[in-house]
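One structure is given below, encoded as structure tokens.
The residues of the chain are indexed from 1 along the displayed sequence.
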Amino acid sequence: MQGKKIIIAADHAGCPLKQQLVDYLRSQDYEVLDFGTSDESVSVDYPDKAYLLAKGLYNHEEDVGILVCGSGIGMSIAINRYSFIRGALVCSPEMAKLARQHNNANVLVLGGRLTSFDTAKTCLDLFLTTPFEGGRHEIRVKKLERMDHEFENQ
């Protein structure tokens, strides 16, 4: 993936894993834009954090994002509402690699209550270092770009 800058955000349930990932990324010389939350005792709505991350990607502050909530499901649903986002809910290293190789995913979504730090770190490393294969996968990704509510305008 491009650059060494990453946007990351989490709700209260994803806060502990997010903080571990922020610390890890900074130790690897990444510049991290942390959009919170930093207090797991205060309830935070995951759509609000997904919105902030999407806005940062849309404004080209960075090219890649990471979202963490309890299961990863809520963040995945929320972030994929934006047509320029390809968010991948990942629970294994193989999924992280394939999300990049085949889907050109630009947002990694993790379940903070379901994913250990070691697994998350491995997934993150693969997500950040695996190139998009293009080819037949490029055709499929381009089809996703055309799916932005096309039927609603008829």
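- Residues Asn106 and Phe127 share a closest heavy-atom pair of C-CZ, 4.0 Å.
- The side-chain heavy atoms of Asn103 and Arg86, taken from C-beta on, include no pair separated by under 4.5 Å.
- Listed by chain and number, the residues in a side-chain hydrogen bond (donor to acceptor under 3.5 Å, both in side chains) with Ser43 amount to none (sequence neighbours excluded).
- A donor and an acceptor atom, one from each side chain of Thr37 and Asp39, are nowhere located under 3.5 Å apart.
- Between atom NZ of residue Lys4 and atom CD1 of residue Ile6 there is a gap of 8.0 Å, rounded to the nearest 0.5 Å.
- To the nearest 0.5 angstrom, Leu53 atom CG is 5.0 Å from Ile7 atom CD1.
- A search for side-chain hydrogen bond (donor to acceptor under 3.5 Å, both in side chains) contacts involving Thr119 returns Ser116, not counting sequence neighbours.
- Shown here for Thr122 and Pro93, the closest heavy-atom pair between the two residues is CG2-CG, 3.7 Å.
- Taking hydrophobic clusters as Ile, Leu, Val, Met, Phe, Trp and Tyr residues chained together by side-chain heavy-atom distances below 4.5 Å, Val42 does not share a cluster with Tyr46.
- Panel note: side chain Arg100, backbone Leu126; no donor-acceptor pair is recorded below 3.5 Å.
- No chain of hydrophobic side-chain contacts below 4.5 Å, direct or via other Ile, Leu, Val, Met, Phe, Trp or Tyr residues, connects Leu98 to Val64.
- Residues Pro47 and Ala78 come closest through the heavy atom pair CA-CB, 4.1 Å.
- Summarising the geometry of Leu17 relative to Thr115, their closest heavy-atom pair is CD2-O, 4.0 Å, with the distance given to 0.1 Å.
- Every residue meeting the side-chain contact (heavy atoms from CB on, under 4.5 Å) condition with Cys91, not counting sequence neighbours, appears here in chain and number order: Met95.
- Take Leu114 and apply the side-chain contact (heavy atoms from CB on, under 4.5 Å) test, not counting sequence neighbours, and it matches Ser71.
- When each of Val90, Leu108, Thr129, Leu110 is tested with Leu124 by the rule side-chain contact (heavy atoms from CB on, under 4.5 Å), just one qualifies, namely Leu108.
- Side-chain contact between Ile73 and Leu89 is present, with at least one heavy-atom pair separated by less than 4.5 Å.
- Residues passing the side-chain hydrogen bond (donor to acceptor under 3.5 Å, both in side chains) test with Asp34, sequence neighbours excluded: Lys18.
- Residues satisfying the side-chain contact (heavy atoms from CB on, under 4.5 Å) criterion with Gln28, sequence neighbours excluded, are Tyr24, Tyr30.
- Residue pairs meeting the salt bridge (Lys or Arg N to Asp or Glu O under 4.0 Å) criterion with at least one member in residues 41-50, sequence neighbours excluded, do not occur.
- With sequence neighbours excluded, the residues forming a side-chain hydrogen bond (donor to acceptor under 3.5 Å, both in side chains) with Gln19 are Asp23, listed by chain and number.
- Connection of Leu52 to Val107 is established within a shared hydrophobic cluster, with ILVMFWY side chains joined at heavy-atom distances below 4.5 Å, either directly or through further cluster members.
- Minimum heavy-atom separation, His12 to Val44: ND1-N, 3.0 Å.
- Rounding to the nearest 0.5 angstrom, the gap separating the CG atom in Leu67 from the CD1 atom in Ile85 is 8.5 Å.
- Evaluation of the salt bridge (Lys or Arg N to Asp or Glu O under 4.0 Å) test over residues 110-120, restricted to residues two or more places apart or in two chains, returns none.
- The two residues Leu21 and Ala120 come nearest to each other via the heavy atoms CD2-CB, 4.1 Å.
- The side-chain contact (heavy atoms from CB on, under 4.5 Å) test applied to Tyr51 returns Lys55, Tyr82, not counting sequence neighbours.
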